[in-house]
Number of protein chains: 2
Amino acid sequence: MAKEIGASTVRTERRDAAENRQRILNVAIRLFEQHGVEHVSMNQIAAEAQIGSGTLYRRYRNKSELCLDLIKDNVVLLFEDIETYLEQNRSRPPSLRLKGILSLFIRFREKKAQLLTGVEDSSSSQSKTRTRSPIHDELHQLLVELFDEINKREPVHPESAFRADMLLMALSKDAYLFQKEVRGYSPETILEQVCLTFIPPERDN
Amino acid sequence: MAKEIGASTVRTERRDAAENRQRILNVAIRLFEQHGVEHVSMNQIAAEAQIGSGTLYRRYRNKSELCLDLIKDNVVLLFEDIETYLEQNRSRPPSLRLKGILSLFIRFREKKAQLLTGVEDSSSSQSKTRTRSPIHDELHQLLVELFDEINKREPVHPESAFRADMLLMALSKDAYLFQKEVRGYSPETILEQVCLTFIPPERDN
DNA sequence: CTATTAAGTGGAGAACACTCCTTTTATATT
DNA sequence: AATATAAAAGGAGTGTTCTCCACTTAATAG
C-alpha cells in the first residue's frame with residue numbers, strides 16, 4: 001500500500017515507447033530532408049510514423065522541441081568547439097575571442113540552417129517572450145562574460161546582458177535571414193557588420 | 001461591348017461595402033479593447049460583425065493589416081511629431097536627434113502597445129523575412145540618414161542600413177517586451193541602453 | 001502468475017487562419 | 001426600366017496546431 005517514492009524504483013522508459021520515439025525521429029528526419037522543415041506538419045509526422053497526434057505531442061510539445069532533439073548532438077559539439085577555442089585563446093583580447101565565437105556560431109548556423117531555424121521558430125502558443133531556446137541561453141552567458149571583460153576598459157557602456165541580447169537577436173533566424181536575403185549579405189559580411197556594431201574598437205590605452 | 005478601361009470610369013466603393021467596412025472597424029475596436037488584440041480571432045470579428053469570414057479577409061489579408069488600419073491615424077501623427085522635432089533640432093548633433101526620435105517612438109510604442117503589437121505580429125503565412133511593416137520601413141530610412149551623418153566623423157563603422165536594422169529590431173515588439181518583462185527594464189532604461197549600444201560616443205575631435 | 005498502476009496511446013474535436021467558388025447586388029449603361 | 005457586370009458577400013472547406021480523455025499495455029510488486 002505504501003508507495004515507494006523516488007530512490008528505489010525509477011520506472012524505465014517502456015519498450016514500445018522507445019520504439020515509437022525512434023520511429024518519430026526517423027520519420028521526421030526523412031520528411032524534413034524531403035520537404036524542408038517548414039513544410040512538414042506535426043500531423044504529417046504522426047501519420048507517417050503511424051501514431052496518434054496526441055502521442056507525438058506528448059513527447060514533443062511542438063516542432064521546435066522536435067528539431068532541438070534532432071540537432072542536440074550538433075549543439076553539444078558546437079559548445080565543445082567554443083570551449084576549445086576559448087581555452088586556446090585565453091590570453092588574447094576579449095574582443096577577438098568574441099569574434100571567434102561568433103564566427104563559430106555563424107558557421108554552425110549555415111551548416112544546420114534548416115533544423116536550427118526550426119528550433120528557433122518562435123511558433124506555438126503565446127510565450128514568444130518567455131522561453132528563449134536553450135542554445136541562446138547558454139550563448140548569452142558566454143557573451144555576457146566577454147562583454148564584462150571588454151567593458152572594464154570602457155568608460156561608458158551598456159549593460160553586458162543587454163548588449164548580449166542585442167547581439168544574439170542579430171544572429172537569430174529572422175534577422176540573419178533578412179540580412180542574407182533582403183540585404184544580400186554573405187555570412188562573412190554579416191559577421192563583420194555584427195562585430196563593427198557590437199564590439200567597441202580596441203582602446204590603445 | 002467595348003470596355004472602358006481606366007480613366008473615365010472609376011467605380012466608387014459600393015455603399016454596402018462601405019457600411020461593412022465601418023462595421024468591421026467598430027467591432028474590431030470593441031473586441032480588441034474588451035479581450036486584448038491577441039485573444040481576438042478573425043473569425044470572431046467576422047461573426048460579431050455579421051459578415052462571412054471571406055468578406056473580412058477580402059478587405060484585410062490578416063490581423064496585422066486590420067490593426068494597421070486602426071492605428072493609421074496615430075502613425076501619421078507620430079511621423080509628424082518626428083518631422084517637427086527634426087526641424088526644431090536641425091542644428092544639434094545627429095546623435096542627439098537620433099535619441100530624440102527613439103524617445104518619440106518608444107513613447108508611441110507605450111501608448112499604442114496593443115495595436116502596434118498586432119501590426120508587427122509577424123504571424124501569417126511564410127514571409128517573416130519579406131515584408132517589414134511600413135512603419136519600420138519609414139523609420140529605417142530616417143535612421144539611415146542620421147547614421148550616415150554620424151558616421152562621417154567615425155573612422156570605422158558598420159553600414160548605416162545594418163545598424164538601423166539592428167536598432168529597429170531592438171525596438172520591435174518581441175525584443176522590447178522581452179526587455180521589459182524578463183529583464184525588468186523601464187522604457188527609460190531601454191532607451192538609455194539602446195543609445196549606449198547603437199550610438200557611438202561623441203568624438204571631441 | 002496475477003493484480004496494480006503509471007506510462008503510454010489514439011484520435012476525435014476545438015480553435016484558428018486562410019482559400020475557393022458560388023451567389024448576390026449596387027451601379028453604370030442603354 | 002431593363003440589362004450587364006464588376007465588386008462584394010458568404011460560408012463551406014482545407015490544413016494546421018494543440019488539447020482532452022477514455023482506453024490499452026508494459027513493467028513491477030506481491
Side-chain angles (χ1 to χ4, degrees), chain A residues 1-24 27-28 31 35-67 118 121-128 131, chain B residues 1-24 27-28 31-32 35-67 118 121-128:
Chain A
M1 185 192 182
K3 280 188 209 168
E4 287 289 347
I5 293 180
S8 62
T9 308
V10 203
R11 281 268 185 203
T12 59
E13 183 180 41
R14 253 164 60 168
R15 213 175 49 246
D16 57 338
E19 274 164 27
N20 273 342
R21 150 123 108 263
Q22 201 47 56
R23 201 126 39 82
I24 291 172
V27 167
L31 289 183
H35 306 112
V37 174
E38 310 249 351
H39 298 109
V40 178
S41 74
M42 291 293 267
N43 271 346
Q44 210 176 329
I45 295 172
E48 201 95 351
Q50 315 220 45
I51 59 174
S53 56
T55 304
L56 177 54
Y57 275 100
R58 146 171 255 278
R59 206 176 297 278
Y60 301 107
R61 256 179 315 153
N62 49 50
K63 217 169 25 163
S64 296
E65 285 195 3
L66 177 50
C67 285
D121 234 1
S122 38
S123 72
S124 67
S125 38
Q126 1 64 359
S127 66
K128 301 235 184 189
T131 322
Chain B
M1 186 193 182
K3 279 188 211 168
E4 287 288 346
I5 293 180
S8 63
T9 309
V10 202
R11 282 267 185 202
T12 57
E13 186 180 38
R14 253 165 59 170
R15 214 175 49 245
D16 57 336
E19 274 164 27
N20 273 341
R21 152 123 107 261
Q22 201 47 57
R23 198 127 39 82
I24 291 172
V27 166
L31 289 183
F32 285 164
H35 307 111
V37 175
E38 310 249 352
H39 298 109
V40 178
S41 73
M42 291 295 267
N43 274 344
Q44 210 176 329
I45 295 172
E48 200 94 355
Q50 315 220 44
I51 59 173
S53 56
T55 304
L56 177 54
Y57 275 100
R58 145 175 256 279
R59 208 176 296 278
Y60 301 107
R61 257 178 313 155
N62 49 50
K63 219 173 14 167
S64 297
E65 287 195 2
L66 178 49
C67 286
D121 235 2
S122 38
S123 70
S124 66
S125 37
Q126 358 68 357
S127 65
K128 301 236 188 194

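Every chain is numbered from 1 and lettered A, B, ... according to where its sequence line falls, protein lines coming before strand lines. These values consider heavy atoms only, across backbone and side chains, with no hydrogens, waters or symmetry-generated copies.
Rounding to whole angstrom units, CG of residue N20(A) and C1' of dA26(D) are separated by 13 Å. Whole-Å rounding puts the L56(A) CG to dG10(C) P distance at 11 Å. H35(B) has its NE2 atom 14 Å from the P atom of dA15(C), to the nearest Å. Atom P of nucleotide dT14(D) and atom CE of M42(B) are separated by 21 Å, given to the nearest angstrom. Put simply, CD on Q44(B) is 9 Å from P on dA17(C), counting in whole angstrom units. Across the protein-nucleic acid pair, I51(A) atom CD1 and dA7(C) atom P stand 19 Å apart, rounded to whole Å. Going from atom CG of N43(A) over to atom C1' of dA17(C) covers 15 Å, rounded to whole Å. One atom, CD1 of I45(A), and another, P of dG10(C), lie 16 Å apart when rounded to the nearest Å.
Using modelled atom types, one side-chain atom of N62(A) and one backbone atom of E65(A) make a donor-acceptor pair closer than 3.5 Å. Side-chain atoms of R59(A) never come within 3.5 Å of backbone atoms of I24(A) as a donor-acceptor pair (strictly under, hydrogens ignored). Here the side chain of Q44(A) pairs no donor or acceptor atom with the backbone of V40(A) at under 3.5 angstrom.
When the side-chain nitrogen and oxygen atoms of R15(B) are compared with OP1 and OP2 of dA7(D), none of them lie within a distance under 4.0 Å. Under 4.0 angstrom from either OP1 or OP2 of dA17(C) there lies no side-chain N or O belonging to N62(B). Residue R58(B) places no side-chain N or O under 4.0 Å from the OP1 or OP2 atom of dA9(D).
The shortest heavy-atom contact between N43(A) and S53(A) is OD1-CB, 3.9 Å.
The residues R21(A) and E13(A) are annotated as salt-bridged, a charged nitrogen and a carboxylate oxygen being separated by less than 4.0 angstrom.
Distance check, rounded to the nearest 0.5 Å: CZ of R58(B) to OG1 of T55(B) gives 8.0 Å. For the atom pair CG of L66(A) and CE of M42(A), the computed distance is 6.0 Å after rounding to the nearest 0.5 Å.
Checking G52(A) against V40(B), the closest nucleotide of DNA chain C that is more toward the 5' end is the one next to G52(A).
Across all strands shown, R59(B) has heavy atoms under 4.0 Å from sugar-phosphate atoms exclusively, and none from any base.
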Nucleotide N/O to protein N/O under 3.5 Å, stretch nucleotides 19-25 of chain D:
residue : atom : partner : partner atom : Å
dT25(D) : O2   : R14(A)  : NH1          : 2.9

